[in-house]
Amino acid sequence: MPELGKYAGAVLSSYGLSLLLLALLTGLSLWRARRMKAALRKVEERVKRHG
Amino acid sequence: MIALLMRDLRLAVRAGGGFGLGLAFFLIVVALVPFSVGPETALLARIAPGVLWLGALLACLLSLDRILALDWEDGSLDLLATAPIPLEGIVSVKALAHWITTALPLVIAAPVLGVLLSLPAQGYLWLIVSLLVGTPALSVIGTFGAALTVGIKRGGLLLSLLVLPLYVPVLIFGAEVARRGAEGQAVQVHLLLLGAITCGAMALLPFASAAVLRVNLR
Amino acid sequence: MELVVKELGVARGGVRVLEGLSFVLGAGQALILRGPNGSGKTTLLRVLAGLQPSVAGRISVSRDSVAYASHADGIKGQLSVAENLHFWARLHAERDITRALEAFDLRALQDRLAGALSAGQKRRLGLARLMVTGRPLWLLDEPTVSLDSEAVALFGAAIEAHLQRGGMAVIATHIDLGLTSARVLDVTPFRARRPVGDAFDEAFL
Amino acid sequence: MASIWEYANPRKFLETSDRVLPWLAALAGVALVVGLVWGFFFTPDDYRQGSTVKIIYLHVPSALIAINGWLMMLVASLIWLIRRHHVSALAARAAAPIGATMTVIALLTGAIWGQPMWGTWWAWDPRLTSFLILFLFYLGYIALWAAVEDDDTAADLTSILCLVGSVFAVLSRYAVNFWNQGLHQGASLSMDKADNVANVFYLPLLVCMAAFVLLFLALVLLRTQTEIRARRMRALLARERMS
């Protein structure tokens with residue numbers, strides 16, 4: 001761990017918040033991608049079956 | 001074109017909402033300011049130009065959705081779109097009608113409300129000039145926003161969200177002219193820039209508004 | 001003046017509803033559109049009026065020659081009957097509204113506020129608007145909704161007179177308007193076929 | 001050589017992006033870890049700013065993406081308006097939330113950095129203000145996409161909004177400059193003036209910027225795929241309803 005001195009709080013909180021936001025964005029994107037893939041597959045199969 | 005303008009003006013007068021509501025709103029906003037920041041005259045005089053500009057802008061915003069929504073609901077917009085006037089002309093006339101019915105009364109009322117906020121005497125002229133030059137841009141930009149949201153049910157809040165960021169440059173220069181006027185500084189540069197924005201908006205935005213309206217009428 | 005429609009395709013909400021539609025309409029002729037609900041009659045009329053782009057085919061008339069009347073009449077309740085008509089007349093650079101008032105029996109009502117009219121009277125006013133546009137091609141979408149039989153007869157006579165003067169009309173309706181010369185076009189056979197296979201095209205189908 | 005417009009076909013786009021995406025994501029992840037670890041652990045403190053200098057490894061790249069993300073949306077919107085390729089419009093839609101998040105990160109890190117340096121969380125400095133306005137534009141754009149039901153209509157409306165918004169964003173930028181000369185230092189980086197910032201800070205910053213660009217691209221591809229699938233599903237359901 002590097003010595004951050006008196007600004008430790010500022011540096012750590014900005015890294016923490018930014019990484020949290022990035023993780024949230026990536027996580028949400030992945031989650032939606034997976035859900036949409038599954039939902040589309042279901043609809044595609046139904047459409048194919050009914051012609 | 002004149003027929004359309006006259007009809008819109010007549011409708012605004014008969015429906016009652018046109019002239020009255022915006023003005024009343026403006027009055028209330030301005031009257032509430034001293035309650036929130038205190039009655040100290042020096043402070044009020046300092047913030048008066050900005051408060052008056054912001055109040056006028058919000059009062060303008062309040063009536064934007066009426067520009068097109070009523071004609072959309074009763075089907076007039078479909079019929080206007082097939083009329084001999086190009087849609088660009090129609091949205092320009094609509095913006096003009098909005099300016100006459102909403103913005104112009106605000107410009108006239110602003111000096112009266114300036115008294116309430118103890119605006120310095122030298123500020124009145126530039127307040128009126130800045131509002132006269134700036135408010136047409138507010139109407140034209142607002143018409144663009146109204147055209148964007150015309151097909152959306154309860155689009156009023158969305159309309160504000162879309163239009164307010166677009167109002168930023170007008171507000172900055174308009175309020176700056178009024179402030180500098182009140183403080184006795186030179187206003188020419190800012191006034192010219194404000195005029196440039198208004199001219200640019202009036203020249204170009206009707207094309208965007210008409211394009212958007214065509215999409216919404218599909 | 002002639003309306004020529006060739007191999008026209010129209011879409012609603014991104015999905016094709018009609019395709020391969022062709023017809024010719026000469027001066028003084030009327031065409032009645034028939035077809036079940038949702039078959040694309042309204043969409044077709046809006047495309048003909050130039051409010052909506054077609055997805056295929058050609059239409060010969062420019063949008064300056066059409067007068068369109070939809071379910072909504074575009075009437076302002078705060079204006080009187082005469083003011084409403086005057087507005088549309090002036091917009092189309094016409095002056096005279098007396099002929100329109102008479103044809104739809106609105107003379108006695110002309111100073112009444114349009115907001116105070118009954119549904120059928122409003123509809124009559126909406127249709128009277130067509131006459132003050134001075135345009136040759138009328139596109140009418142279910143024009144007889146909320147009209148009584150007497151008003152339907154008035155309306156039929158107004159169309160007849162319009163055709164006599166060399167006008168044209170395309171009407172989506174299920175009621176017999178008593179038009180002697182009108183042709184009927186059933187749009188059902190022109191219903192868009194589904195694309196075969198599951199080719200994944202630009203329209204995601 | 002195939003034309004790039006081939007990728008305007010949704011299926012082709014899905015196939016190709018499926019192949020590219022894992023590599024892109026892996027590369028973005030590696031670059032992000034390398035850049036941030038390098039920046040956080042292995043750079044010295046600045047003699048004036050102390051350890052807060054480490055914040056630029058997040059602040060500058062996110063600001064870069066915040067602006068260029070909007071620029072990408074503008075280009076994609078133009079492509080949609082001119083060539084009517086649906087994928088382009090959907091890519092613009094996919095990019096908006098990423099750009100908005102990056103704007104928030106840039107604002108947050110800026111505020112946290114400003115607190116010890118300027119003694120205040122927020123100053124109405126031209127750059128901060130411009131970013132706040134940019135964020136409002138992102139919000140409006142996203143809200144308009146969400147509010148319009150018909151997909152093609154929404155694509156058209158948002159594209160025109162993006163165009164008009166871009167003009168007004170630039171206008172606001174200059175207006176804000178006029179309005180208040182700020183505290184913010186000038187752009188501390190430009191490609192030809194690398195000596196603005198010493199190399200020890202500059203190299204890890206370059207890695208971080210590359211990482212953010214890669215991350216942006218990967219996320220755009222992923223989200224565009226999702227939008228394409230959502231769009232196809234709606235189209236299939238609509239067709240089913242009609243028959």
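Every chain is numbered from 1 and lettered A, B, ... according to where its sequence line falls, protein lines coming before strand lines.
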Can you list every pair that meets salt bridge (Lys or Arg N to Asp or Glu O under 4.0 Å) and has a residue in residues 209-218 of chain D, with sequence neighbours left out?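 Qualifying pairs, neighbours excluded: none.
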Can you tell me which residue pairs pass the salt bridge (Lys or Arg N to Asp or Glu O under 4.0 Å) test with a partner in residues 87-97 of chain D, sequence neighbours excluded?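 For residues 87-97 of chain D: D:Arg93-D:Glu227.
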Can D:Phe168 and B:Val168 be said to form a side chain to side chain contact (heavy atoms under 4.5 Å, CB included), step by step? CA-CA 8 Å; D:Phe168 275 85; B:Val168 169; over 6 Å; no
Hey, could you give me the [atom1]/[atom2] distance between [X] and [Y], rounded to the nearest 0.5 Å?
X        : Y        : atom1 : atom2 : result
D:Ile133 : B:Ile172 : CD1   : CD1   : 5.5 Å
D:Leu144 : B:Leu161 : CG    : CG    : 9.5 Å
D:Leu171 : B:Leu166 : CG    : CG    : 10.0 Å

Heavy-atom pairs under 4.5 Å with chain B, option from D:Leu161, D:Leu157, D:Leu132, D:Ile160 with the top count: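 Sorted descending by pairs with chain B, the first entry is D:Leu157.
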Does D:Ala169 have any side-chain contact (heavy atoms from CB on, under 4.5 Å) partners at least two apart in sequence or in another chain, and if so, which?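 D:Ala169 satisfies side-chain contact (heavy atoms from CB on, under 4.5 Å) with D:Phe137 only.
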Taking side chain as everything from C-beta outward and backbone as N, CA, C, O, which of these in [X] sits under 4.5 Å from a heavy atom of chain D? Side chain, backbone, both or neither.
X        : result
B:Leu193 : side chain
B:Val189 : side chain
B:Ile197 : side chain
B:Leu148 : both

Taking atom types as modelled, which donor-acceptor pairs link chain D and chain B at under 3.5 angstrom?
{"from": "D:Asp156", "atom 1": "OD2", "to": "B:Arg218", "atom 2": "NH1", "distance (Å)": "3.2"}
{"from": "D:Asp156", "atom 1": "OD2", "to": "B:Arg218", "atom 2": "NH2", "distance (Å)": "2.9"}

So does B:Leu157 have more than 12 non-hydrogen atoms from other groups sitting under 6.0 Å from CG?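 No, because the 6.0 Å sphere around CG of B:Leu157 holds 12 heavy atoms or fewer from other groups.
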Quick check on the interface: out of B:Gly155, B:Pro169, B:Gly151, who has the most heavy-atom pairs with chain D under 4.5 Å?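 Highest number of pairs under 4.5 Å: B:Pro169.
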